[in-house]
2 protein chains.
Amino acid sequence: MLSDELRYQLLRTIERNPELTQRQIAKELGLSLGKVNYCVKALLDKGWIKAGNFKNSSNKRAYAYILTPKGLEEKGSVTLRFLKRKLQEYEDIQYAIEQLQNEVTESQRKELKIL
Amino acid sequence: MLSDELRYQLLRTIERNPELTQRQIAKELGLSLGKVNYCVKALLDKGWIKAGNFKNSSNKRAYAYILTPKGLEEKGSVTLRFLKRKLQEYEDIQYAIEQLQNEVTESQRKELKIL
DNA sequence: AAGGGGTTGTTCAGTTGTTGAACGCGAATT
DNA sequence: AATTCGCGTTCAACAACTGAACAACCCCTT
C-alpha cells in the first residue's frame with residue numbers, strides 16, 4: 001500500500017522530470033531501488049502513468065514515465081489530501097513544541113534562542 | 001535502537017505515571033506490547049529506570065518503574081534534542097505546506113479555508 | 001555482424017523491524 | 001488448595017525493506 005506522501009512525491013517528481021530513471025528517482029527521493037520499482041509498477045497498474053519510449057545519449061533502455069490524464073487528476077486529489085494532513089501535522093507539532101518547551105529547564109532554554 | 005522520540009515519550013510517561021504496566025504504556029503510546037517490553041528492558045539496562053516493587057488491588061506482579069537520577073538527566077537531554085528536532089520539523093513542514101499550496105488548484109484551495 | 005561495455009528495468013533471497021498470542025509466575029480470590 | 005487473574009517475558013510468524021545480481025537493450029568499435 002502506497003502512502004499519500006509517497007504517491008504525492010512520486011507523481012510530483014515524475015511530472016516534473018519524466019526522463020528520470022528508477023535509480024535517479026530513488027536517489028532523489030531517498031528510496032531504495034526495489035521500492036521505487038514496486039511503486040512505479042503500481043502507478044502503471046493504476047493507469048496514472050504510462051511508460052513511453054525515451055532515449056538519449058547516456059540512457060540506454062530508459063522509459064519516459066509520463067502522467068496520464070487520470071494521473072494528473074489523482075495528483076491533484078492526493079496533493080490536497082496530503083496538504084490537509086500536513087496542516088494537521090502543523091497544529092500537532094505546534095502543540096508538541098509548546099509542551100516540550102515547558103519540559104525544558106530554564107538553562108536549557110537559554111541555550112536555544114527560543115522565547 | 002530507540003529513537004529520541006520513543007525515549008522521550010517513554011521517560012515522560014514513566015515519570016508521570018510510575019505505576020503503569022507495560023500493557024498500559026503500550027496502549028497509551030500506541031505501541032505493541034513486545035516493543036514496550038523491549039524498550040523498558042533497554043531503559044533498565046541503561047540504568048535510566050529501575051523496577052521497584054509495586055502492588056495494588058488490581059495489579060498482581062506489576063513493577064513500579066521509576067526514573068533514576070541518571071534517567072532524569074537523560075530525560076532532560078533527550079527532551080532538548082527532541083525539541084530541537086521538532087523545531088526543525090516545524091520549519092520543514094512550513095516549507096512543505098507552502099509548496100503544497102502552490103500545487104493545489106484554485107477551486108481546491110477554496111474548499112479548504114486557507115489563504 | 002559480432003561482441004564488449006554500459007545502463008536500464010526486474011527479481012528475489014536475505015535482512016530488519018514488528019506483532020501479539022501464549023507461557024510461567026506470583027498474588028488474590030474462592 | 002485450587003482456581004483465577006494480571007503481570008512480565010518470549011518468540012514464531014508476519015510485513016516491510018534492501019540492494020546485489022540478472023536479463024534485456026542500445027551504442028560503439030573492430
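Both backbone and side-chain heavy atoms feed into the values below; hydrogens, waters and symmetry mates do not. Sequence lines set the chain letters: A, B, ... in the order given, protein chains first and strands last, and positions in each chain run from 1.
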Original post:
So, is B/Asn37 close to the D/dT9 phosphate, meaning a side-chain N or O under 4.0 Å from OP1 or OP2?
Top reply: yes
Original post:
Rounded to whole angstrom units, what separation is found between the CG atom of A/Leu33 and the C1' atom of D/dA21?
Top reply: 12 Å
**OP:** Would you kindly check whether a donor in the side chain of A/Arg23 faces an acceptor in the base of C/dG9, or vice versa, at under 3.5 angstrom?
**Re:** yes
Original post:
What does A/Tyr38 touch in the nucleic acid at a heavy-atom separation under 4.0 angstrom: a base, only the sugar-phosphate, or nothing?
Top reply: nothing
Subject >> B/Ser77 versus B/Arg81, side-chain donor and acceptor atoms under 3.5 Å >> reply: yes
**OP:** Give the rounded distance in Å between these two atoms: CE of B/Met1 and P of C/dT16.
**Re:** 16 Å
Original post:
What is the distance, rounded to the nearest whole Å, between atom CG of A/Leu29 and atom C1' of D/dC17?
Top reply: 16 Å
**OP:** Please check the phosphate of D/dC7 (OP1 and OP2 only) for any side-chain N or O of B/Gln22 closer than 4.0 Å.
**Re:** no
Original post:
Can you find a pair of side-chain heavy atoms, one from B/Arg85 and one from B/Phe82, that are under 4.5 Å apart?
Top reply: yes
Original post:
Where the side chain of B/Arg61 is defined as all heavy atoms beyond and including C-beta, which of C/dT19, D/dT18, C/dG24 is the nearest nucleotide?
Top reply: C/dG24
Original post:
Rounded to whole angstrom units, what separation is found between the OH atom of B/Tyr65 and the C1' atom of D/dG8?
Top reply: 6 Å
Original post:
Nearest-Å distance, CG (B/Leu31) to C1' (C/dG17)?
Top reply: 13 Å
Subject >> Aromatic plane relationship, A/Tyr90 with B/Tyr90 - under 30° parallel, 30 to 60° tilted, over 60° perpendicular >> reply: parallel
Original post:
Which whole-number value in Å describes the distance from A/Glu19 CD to C/dT8 P?
Top reply: 12 Å
Original post:
Can you tell me how far P of C/dG9 sits from CD1 of A/Ile49, to the nearest Å?
Top reply: 11 Å
Original post:
Is any side-chain N of the basic residue among A/Lys46 and A/Glu74 closer than 4.0 Å to the acidic one's carboxylate O?
Top reply: no
Original post:
What nucleotide among C/dT10, C/dT19, C/dA22 has an atom nearest to a side-chain atom of B/Lys35?
Top reply: C/dT19
Subject >> Proximal nucleotide (of D/dC17, D/dC7, C/dG9) relative to the A/Tyr63 side chain >> reply: C/dG9
Original post:
Does the side chain of A/Glu19 reach to within under 4.5 Å of the side chain of A/Tyr65, using non-hydrogen atoms?
Top reply: no
Subject >> Per B/Thr21 side chain, nearest of listed nucleotides D/dC7, D/dT10, D/dA20 >> reply: D/dC7
Original post:
What is the distance, rounded to the nearest whole Å, between atom CD1 of A/Ile25 and atom C1' of C/dG9?
Top reply: 12 Å
